[in-house]
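First up is the structure itself, then whatever we jot down about it.
Just so we're clear, the structure is a prediction, and the values are computed from it rather than from any experiment.
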Amino acid sequence: MVPLNPTTDTPGKPLLDALDAEDSSTRLKTAMAAGSRPDPRFTDALVARCAIEPDFFVRDMLTWALTRLPPASTVPRLLAELRSERAQARSQALHTLSKIGDRTAWPAITRSLLHDADDEVARSAWRTAVVLVPERERAGLAAELATQLGRGDRDRRLSLSRALVALGDACKPALRKGLESHEPTVRAHARATERLLHDPEAGFDVTTDEAKRIMALGPHQAEGSAC
């Protein structure tokens, strides 16, 4: 394992060098060492690596290491990453903020992040928003999330449904509006989400099946066959 020395004249430099190693196991061990011996002077190096790290397990360890540092050190740096042009930087910063759980970060979860064109960023924003949202704003968040019902592939729809379900009763008005939509796929997604809300063990593939049926039969015939 590469030794970490926070007392050097260039704090974080040895760590940054080790995190840039070609071998992913070296990067994983280095991130683990940084979390085991947390020092705020490693913050920049850890956050910078999150933006470019290709290995999922190393990214997960980097997040863990960041959660071991004081929020006063990490949160401002992570908030700055939300404005990055690099999608992974935004996604990882959101993920780490959700793990830290500092609700002062809530105002930074903007509408543009919730609607990000990159699926991973959008999903991370949904999960983080659900964790950080104040109680009084839960219904508003649900309404915002519900504007994306029916969009994307199965994974994106399932992620959105899980975020809405995590808001509990606050999502019910938004789902009712979705059920009244003129778009068949929006109604199908809203119905599947409503089922998950009432029965967390319910399967979600009904959304995919129902959408295929709508496309094959047409919206009016599909609804008639469901009666």
* To do: Please report the C-alpha distance between Arg59 and Gln88 in whole Å, then the side-chain angles of each, then the deciding distance to 0.1 Å, and finally whether the side chain to side chain contact (heavy atoms under 4.5 Å, CB included) criterion is met.
  => CA-CA 10 Å; Arg59 291 199 303 272; Gln88 183 172 305; 3.7 Å; yes
* Heavy-atom check, side chain of Leu79 versus side chain of Val75, under 4.5 Å -> yes
* **Sequence-distant partners of Glu144, salt bridge (charged side-chain N to carboxylate O under 4.0 Å, His left out), two or more places apart** => Arg111
* Can you check whether Leu196 reaches Leu158 side chain to side chain, under 4.5 Å on heavy atoms? -> yes
* Structure fact -> So salt bridge (charged side-chain N to carboxylate O under 4.0 Å, His left out) across residues 170-179, not counting sequence neighbours, yields Asp169-Lys172
* **Steps toward side chain to side chain contact (heavy atoms under 4.5 Å, CB included) verdict (Thr128, Leu113)** => CA-CA 10 Å; Thr128 306; Leu113 287 170; over 6 Å; no
* Asked: In chain order, what residues pass the side-chain hydrogen bond (donor to acceptor under 3.5 Å, both in side chains) check against Thr110, with sequence neighbours excluded?
  -> Ser112
* Exam field: side chain Arg157 to backbone Gly150, donor-acceptor pair closer than 3.5 Å -> no
* Would a 4.5 Å heavy-atom cut-off, applied to side chains only, mark Ser181 and Leu149 as touching? -> no
* Asked: Are any non-hydrogen side-chain atoms of Asp102 and Leu97 less than 4.5 angstrom apart?
  -> no
* Which value, rounded to the nearest 0.5 Å, describes the distance between Leu66 atom CG and Leu62 atom CG? -> 7.0 Å
* Between Ala21 and Thr26, what is the shortest heavy-atom contact and its length? -> CB-CG2, 3.7 Å
* His189 versus Leu160: any side-chain heavy-atom pair under 4.5 Å? -> yes
* To do: To the nearest 0.5 angstrom, please state how far the NZ atom of Lys99 sits from the CG atom of Leu78.
  => 14.0 Å
* Sorted by first residue and then second, give each salt bridge (charged side-chain N to carboxylate O under 4.0 Å, His left out) pair with at least one member in residues 83-98; sequence neighbours left out. => Arg90-Asp116
* Asked: Is it the case that one hydrophobic cluster holds both Leu167 and Leu179, taking links as side-chain heavy atoms less than 4.5 Å apart, direct or via other members?
  -> no
* OG-CG distance between Ser159 and Asp155, expressed to the nearest 0.5 angstrom -> 6.5 Å
* Structure fact -> Closest non-hydrogen atoms of Pro70 and Pro40, given as atom of the first, atom of the second and distance, are CD-CG, 4.1 Å
* Do any N or O atoms from the side chain of Glu53 and from the backbone of Asp55 form a donor-acceptor pair under 3.5 angstrom? -> yes
* **Pairing residues for Arg77 by the salt bridge (charged side-chain N to carboxylate O under 4.0 Å, His left out) criterion, not counting sequence neighbours** => Asp44, Glu81
* Do Thr30 and Val58 have side-chain heavy atoms sitting under 4.5 Å apart? -> no
* Asked: Of all residues at least two apart in sequence or in a different chain, which pass the side-chain hydrogen bond (donor to acceptor under 3.5 Å, both in side chains) check with Asp119?
  -> Arg156
* What's the shortest heavy-atom distance between Leu114 and Leu145, and which atoms? -> CD2-CD2, 4.2 Å
* Does any non-hydrogen side-chain atom of Arg27 lie less than 4.5 Å from one of Arg49? -> yes
* Check whether more than 12 heavy atoms from other residues, nucleotides or ligands sit under 6.0 Å from atom NE2 of His182, and answer yes or no. => no
* To do: To the nearest 0.5 Å, tell me how far Arg195 CZ sits from Ser161 OG.
  => 11.0 Å
* **Side-chain donor/acceptor of Arg127 to backbone N/O of Ala163, under 3.5 Å** => no
* Looking only at heavy atoms, which two atoms of Leu132 and Ala105 are closest? And how far apart? -> CD1-CB, 4.0 Å
* To do: Please identify each residue that fulfils side-chain hydrogen bond (donor to acceptor under 3.5 Å, both in side chains) with Thr96, with sequence neighbours left out.
  => Thr63
* side-chain hydrogen bond (donor to acceptor under 3.5 Å, both in side chains) with Trp64: which residues, sequence neighbours excluded? -> none
* Structure fact -> Closest non-hydrogen atoms of Arg37 and Phe42, given as atom of the first, atom of the second and distance, are O-CE1, 4.1 Å
* Structure fact -> Smallest heavy-atom separation, Ala89 atom then Ser84 atom, equals CB-OG, 3.5 Å
* To do: Could I get the full list of salt bridge (charged side-chain N to carboxylate O under 4.0 Å, His left out) partners for Arg162, not counting sequence neighbours?
  => none
* Asked: With a 4.5 Å limit on heavy-atom distance, are the side chains of Thr74 and Leu46 in contact?
  -> no
* Structure fact -> The remaining residues in the hydrophobic cluster of Ile52, counting side-chain heavy-atom contacts under 4.5 Å among Ile, Leu, Val, Met, Phe, Trp and Tyr, are none
* Asked: Got a second to check how far Asp17's CG is from Leu19's CG, nearest 0.5 Å?
  -> 9.0 Å
* Salt-bridge present (Glu120, Arg123; N to O < 4.0 Å) -> yes
* **Listed partners of Asp118 passing salt bridge (charged side-chain N to carboxylate O under 4.0 Å, His left out), at least two apart** => none
* Asked: Going by side-chain heavy atoms closer than 4.5 Å, which hydrophobic residues are tied to Phe56, directly or by a chain of links?
  -> Phe57
